[in-house]
Amino acid sequence: MPRRHPALRYAQLLLGSLLLLLAAVIAPLPGPGGVFPMAAGLVLSLRNSPRSRLWFVRAKRRWPRLGGIVDLALRRRSALRRRARERAAAR
């Protein structure tokens, strides 16, 4: 991952947190409106905060099925590599 200026990292982390809060506010409304801000906020938070990555890994270990779905939805490289290895082992 390329190194970014700390101010840019903090700005992206703040934007990600605000998007997650916005998704929580929008979630009770009918329709899928809260899904998109939640995904964007999660991506920004995971890319810019080691602590949020640690929480995400712990949640994935506790609920592996949900973690796998989130990984695929976020198109994380680790999830794509894991899927490729599973397909190769199944052959």
Separation of L19 CG from F36 CZ (nearest 0.5 Å): 13.5 Å

Nearest 0.5 Å, what's the CD-CG distance between Q12 and N48? 4.5 Å

Looking at S49, is its backbone amide N or carbonyl O close enough to the side chain of S52 to form a donor-acceptor pair, meaning the two atoms are under 3.5 Å apart? yes

Starting at CZ of R58, measure out to CH2 of W63 and round the result to the nearest 0.5 Å. 12.5 Å

Going by chain and number, the hydrophobic cluster around M38 (ILVMFWY, side chain to side chain under 4.5 Å) further includes L20

Would you compute the distance between atom CH2 of W55 and atom OG of S45 and round it to the nearest 0.5 angstrom? 10.0 Å

Give me the atom names and distance for the closest heavy-atom approach of A23 to G34. CB-O, 3.4 Å

Transitive ILVMFWY side-chain link I26 to L44, under 4.5 Å: yes

S17 (side chain) donor-acceptor with L13 (main chain) under 3.5 angstrom: yes

Euclidean distance, R47 CZ relative to R53 CZ, rounded to 0.5 Å: 10.5 Å

